[in-house]
Amino acid sequence: MSEPLPPQYNPQENEDPLYRWWEEQGYFRADAHSTREPYVIVIPPPNVTAVLHMGHGLNNTVQDAFVRYRRMTGREALWMPGTDHAGIATQNVVERILAKEGHTRYDLGREAFVKRVWEFVDETGGKILTQLRAIGCSLDWSRTRFTLDPELSAAVREVFVRLHEKGLVYRGNRIINWCPRCLTALSDEEAEAKETPGRLYHLRYPLAEGVDAPGLPRLPDGRPYLVVATTRPETMLGDTGVAVHPGDERYAALVGREIDLPLAGRRIPIVADDYVDPEFGSGAVKMTPAHDPNDFDVAQRTGLASLNVMTPDAVMNDAAPEAFRGMDRFEARRAVVAAFEQLGLLEKTEEHAHAVPHCYRCDTVVEPRLSEQWFVRMKPLAEPALQAWRDGDLRFQPERFGKIYEHWMENIRDWCISRQLWWGHRIPVWYCQAEACAETIVAREAPTSCPKCEGTNLEQDPDVLDTWFSSWLWPFSTMGWPAETDDLRAFYPGHSLVTAPEILFFWVARMVMAGIEFRGEIPFTDVYFTGTVRDHLGRKMSKSLGNGIDPLVVKERYGADALRYTVISGSGAATDQYLNYENLEETFGPGRNFANKLWNAGRFALMNLGDDPRIPVDEVRDSLEPMDRWILSRATNAIREVTEALERFRLQDAALRGYEFFWGELADWYLELVKPRLRGDMGDDSRRAAQATLAEALDTALRLLHPIMPFITETVWQKLPRAAGAGEALIVARWPEARAEWTDEAAERGIEELQAVIGAVRGIRSEYGIQPAARVPVRIAGSDEAVAMMEASRRALRDLARVEELTFAGANGEIGASAVLRSGTEVFIPLAGVIDLDRERARLREEIGRIDGQIAGGEKKLSNESFVARAPENVVAYERDKLVSFREQRGKLAEKLAALEGAA
RNA sequence: GCUCGCUUAGCUCAGCUGGUCCAGAGCGCUCGCUUCACACGCGAGAGGUCGCAGGUUCGAAUCCUGCAGCGAGCACCA
């Protein structure tokens, strides 16, 4: 016999050594030269500065489960690890550190600052990759990549140059989203609209002197005026015109005339443009081309000038009237409104909720700003990416995300890719400084001289690229592209992608475009969206709220498997998950208990299988008993259902079915049923058959659960005896195969009947308070098949239901309790001599008397006219319902009493 | 404003293409058990008019319509 194991599983001492052993075995490594069919997932690279949180825990457990499953089915499975340099995010982290030292990045200068960031990243970066090991993630660490690696940077430049050559990258002076705190341009996706309460200010703009406008209202001094509305009054300082609809008769005569712009002391023209909706507001719109994208468009059409009145950090600049210079934009807003009010030019102010864009990194209100930036023309890239979804080549899990994808692709706008940051991929563009030349050079490597004028005074564009401009290449840049590497041939295109819904546009959609554009194939076929991890109050877990759960603390207290089982069984695709950070026991206890149950089933098996080689089921085929055939049949069913669930990306179903098979079928029933046989009570053949079947069923359960709970399943499996001559060193070597010949409907029916009978006996025992240790006689009447089954199951009934003597006959008017099963089988327990009948009858009579009293009370109440008249309707209804339930209860008790009083 | 999703036991959720689901699980709750794998356990229970109102159907938690509440995505109406 083996050493006896402790009765409780200790994940803390098992998990990390086991992980190291897997890694040493090279188990996670994928071979590009394998002849096996590949299966590839690329990790959504976490920010290099990230620390593992529950969102990662969920997302990476899902990926690991997918990868481990495919690996078990014999695929050459690659899970590609790595991190993202995360432009703004990382730069912000280091800038905050500098700020504590009393410095800004400008104090250091660009070169020193970037060096500093590299030091920071080299020192603390990638910590999360170690943490992913702790929760069992089976990534191929030999391939770990970073988006700023030389090879990946080369891929970025290659893509920029190629797109430029195709005319898909261009530079333009346009309104972009600007973060006044990060001091950089943002893409549309990086500006998050947030519903914010605001005000709509209606401003009076007087017409220039001498303009006649009979239909317009007039100021006290007699000047006619137009009313314009705005939510951002400070921008009026940069107004360069007022627009009306060309067909608006009210203003037709005013087009071409001028406005005296208040506060600014400038005259601005009135123009006509279709953009204006004559039905909305006054039908006149102020135009601030430098601070509003729509106004900018109108200005392009009508020839209005653009006047930028703000500095990069959103302070009113020298183009603004002196009184406002140096004011922050919100301060200026108040000042402008106050000035209008004082001049009698504030028509009215309305409460107005609207969506205000915020920086996705620092939450500052984004300021639309006119500036020169680099863009990617997206329409040509979007079309084939959309088609891939329409053709069914690209699928989303859950499917509804397809529509969101479609909508975005159809309305796609050009992507602003330049960032005024220092940390990231420098834009591969150089400008010739020769005065007469000013050539723009786009190149893969730094040029030494200008190809046009041969001048050597070249300056590289100071900006870096959007961090997502490297992320969108991840599925192939990690594999050596643009070189035609073995990895690329073997592992592109990949298969599944697991990510959060908010990354759909940032990353998923763009990866599809890049995959098609540069490799001619979509990078993956299935996209699985995880939900958001929230606390028990439904709030998103976040550092600032302090409502997070540290996955490593969970691992420490409950084990990584408990963590994994909890997140997998607790949520489906794109379903939010609620975890209580105040009560970890409630949240993760069940997962730990499940692992412990597996451990103990393993202990049980070890005690009963001995050290001899495992007996194959086929060897004991002829000695199999119904319970053996039943559990093998259930195992076959479980294999089918778990496999199907995994194939359909229904991880939750896979986990729950595995749980049900192991705990509800194998542990609750089979283990209990075979105990006497394993002890040898029923002879040697029976024992061998039970041992073989137990080993098989437990083996199946462990394998089915392995993708979700790799540590405990491997640990238990390693301890079990192997088949003679079998060389399997790892549980994971094989996914179980459903053997059709093991499906046995007769055995299933038989054991179900047995379970029902045992359940009925237990129910009666509990109901009548029969001592647990007391044995009871039982009579059973049913079909021949049912009777035969029970006849053969005397031992099971004795052990599991404490049945004393089993006879087959009807109740026949005796005193006792009976139950009729769904199958029609009747179970009867004579109670004379088992319990104190007199006492039980007395108890029942007392109970009935009590209920009768309640019924009488209720009836009296309801027949009391004044009560019915005065009481609210719902109270009356409640009394009626109560009466009905009392009568029902009374009926049951009376029936029971009658049974105990006998035929009389 | 447009589009989409959700609303099932105290809590968190399963219930796929309508009929053995006269509704299921885990947690929690009640009662009873130190039964020789496991008290991180075993056995037995209580608890739901499946958001509301209509409709289709022989039959609906499951399909359709409307309403309400919650959530998400998108949006230039100043």
Side-chain angles (χ1 to χ4, degrees), chain A residues 4-9 175 188 193 200-203 228-232 235 242-243 275-277 279-288 292-298 352 354-355 368 398 400-408 410-411 501-502 504-505 532 536 538 558-559 562 566 569-572 574-580 583 585-608 648 650 652-653 656-657 659-660 663-664 667-668 671-672 675 679 758-759 761-767 769-773 799-802 822 881:
Chain A
L5 301 171
Q8 283 197 351
Y9 170 55
I175 298 274
D188 292 340
L200 188 59
Y201 301 91
H202 296 257
L203 309 178
V228 297
T230 180
T231 53
R232 297 184 296 148
T235 62
V242 169
Y275 160 72
V276 180
D277 176 1
E279 303 293 319
F280 189 86
S282 67
V285 187
K286 65 187 274 301
M287 289 290 126
T288 321
D292 185 286
N294 303 305
D295 296 0
F296 182 75
D297 288 346
V298 173
H352 180 77
H354 62 146
R400 67 187 140 89
F401 283 91
K403 278 188 202 158
I404 299 174
Y405 177 84
E406 181 182 38
H407 183 260
W408 188 74
E410 282 175 343
N411 298 286
E502 56 262 34
L504 174 58
F505 307 140
T532 303
H536 55 294
Y558 299 91
T566 303
S569 64
S571 80
T575 308
D576 287 356
Q577 180 153 40
Y578 296 80
L579 300 175
N580 188 341
N583 190 347
E585 179 61 29
E586 179 187 297
T587 307
F588 298 102
R592 172 206 53 203
N593 296 353
F594 185 29
N596 191 242
K597 187 77 177 177
L598 284 160
W599 171 259
N600 273 291
R603 267 181 94 210
F604 176 82
L606 277 187
M607 292 174 185
N608 288 287
R648 294 175 56 199
R650 299 186 58 107
Q652 187 179 27
D653 290 351
L656 295 176
R657 182 65 185 100
Y659 179 100
E660 174 59 23
W663 201 320
D668 283 351
L671 293 190
E672 297 303 328
K675 277 177 179 173
R679 268 185 239 119
I758 289 171
V761 174
R762 284 172 172 171
I764 291 169
R765 296 181 62 108
S766 178
E767 201 178 342
I770 297 168
Q771 291 300 311
D799 290 355
L800 274 64
R802 308 246 153 191
R822 271 195 190 184
D881 288 351

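Residue numbering restarts at 1 for every chain, and letters A, B, ... go by the order of the sequence lines. Because the structure is predicted, anything quoted here is derived from the model rather than measured.
For rU30(B) and rG47(B), the C1' atoms lie 11 Å apart once the distance is rounded to whole Å. Nucleotides rG48(B) and rC42(B) have their P atoms positioned 26 Å apart, rounded to a whole Å. Rounded to whole Å, the separation between the P atoms of rG54(B) and rG10(B) comes to 24 Å. For rU34(B) and rU7(B), the C1' atoms lie 45 Å apart once the distance is rounded to whole Å. Atom name P, nucleotides rG51(B) and rG45(B): the rounded distance is 28 Å, in whole Å. Rounded to a whole angstrom, the distance from the C1' atom of rU8(B) to that of rC52(B) is 15 Å. The C1' atoms of rA78(B) and rC4(B) are separated by 28 Å, rounded to the nearest whole Å. Nucleotides rU35(B) and rG41(B), compared at atom C1', are 11 Å apart to the nearest Å.
Of all non-hydrogen atoms in Val228(A) and Val242(A), the two that sit nearest each other are CG1-CG1, 4.3 Å. Considering all non-hydrogen atoms of both residues, Pro501(A) and Phe401(A) come closest at CB-CE2, 3.7 Å. Between Lys597(A) and Ala667(A), the shortest heavy-atom distance links the atoms CE-CB, 3.8 Å.
Listed candidates were rC27(B), rG41(B), rC4(B). Nearest to the side chain of Arg400(A) is rC4(B).
Of all nucleotides present, none satisfies the Watson-Crick or G-U wobble test against rG28(B) with each distance under 3.5 Å. Pair assignment for rC2(B) gives rG73(B), based on Watson-Crick or G-U wobble hydrogen-bonding distances that are each under 3.5 Å. Pairing partner, rG54(B): rC64(B), with both Watson-Crick or wobble hydrogen-bond distances short of 3.5 Å. Nucleotide rC22(B): unpaired (no Watson-Crick or G-U wobble partner with both distances less than 3.5 Å). Nucleotide rC16(B) forms no Watson-Crick or G-U wobble pair with any nucleotide shown, as no partner meets the under 3.5 Å limit on both distances.
Residue Asn294(A) contributes atom CG, which lies 11 Å from atom C1' of rA75(B) at whole-angstrom precision. Atom-to-atom, CG of Asn596(A) to P of rA37(B) comes out at 14 Å; the value is rounded to the nearest Å.
The shortest distance between side-chain heavy atoms of His352(A) and Thr231(A) falls below 4.5 Å.
Heavy atoms of Leu671(A) sit under 4.0 angstrom from at least one base atom. As judged by a 4.0 angstrom heavy-atom cut-off over every strand, Phe280(A) is placed among the base-contacting residues.
The residue among Asn593(A) and Ala601(A) whose nearest nucleotide of RNA chain B is located toward the 5' end is Ala601(A).
Ring pair Trp599(A)/Tyr9(A) is tilted by interplanar angle, where 30° to 60° counts as tilted.
Between the side chain of Lys597(A) and the base of rC38(B), a donor-acceptor pair under 3.5 Å is found.
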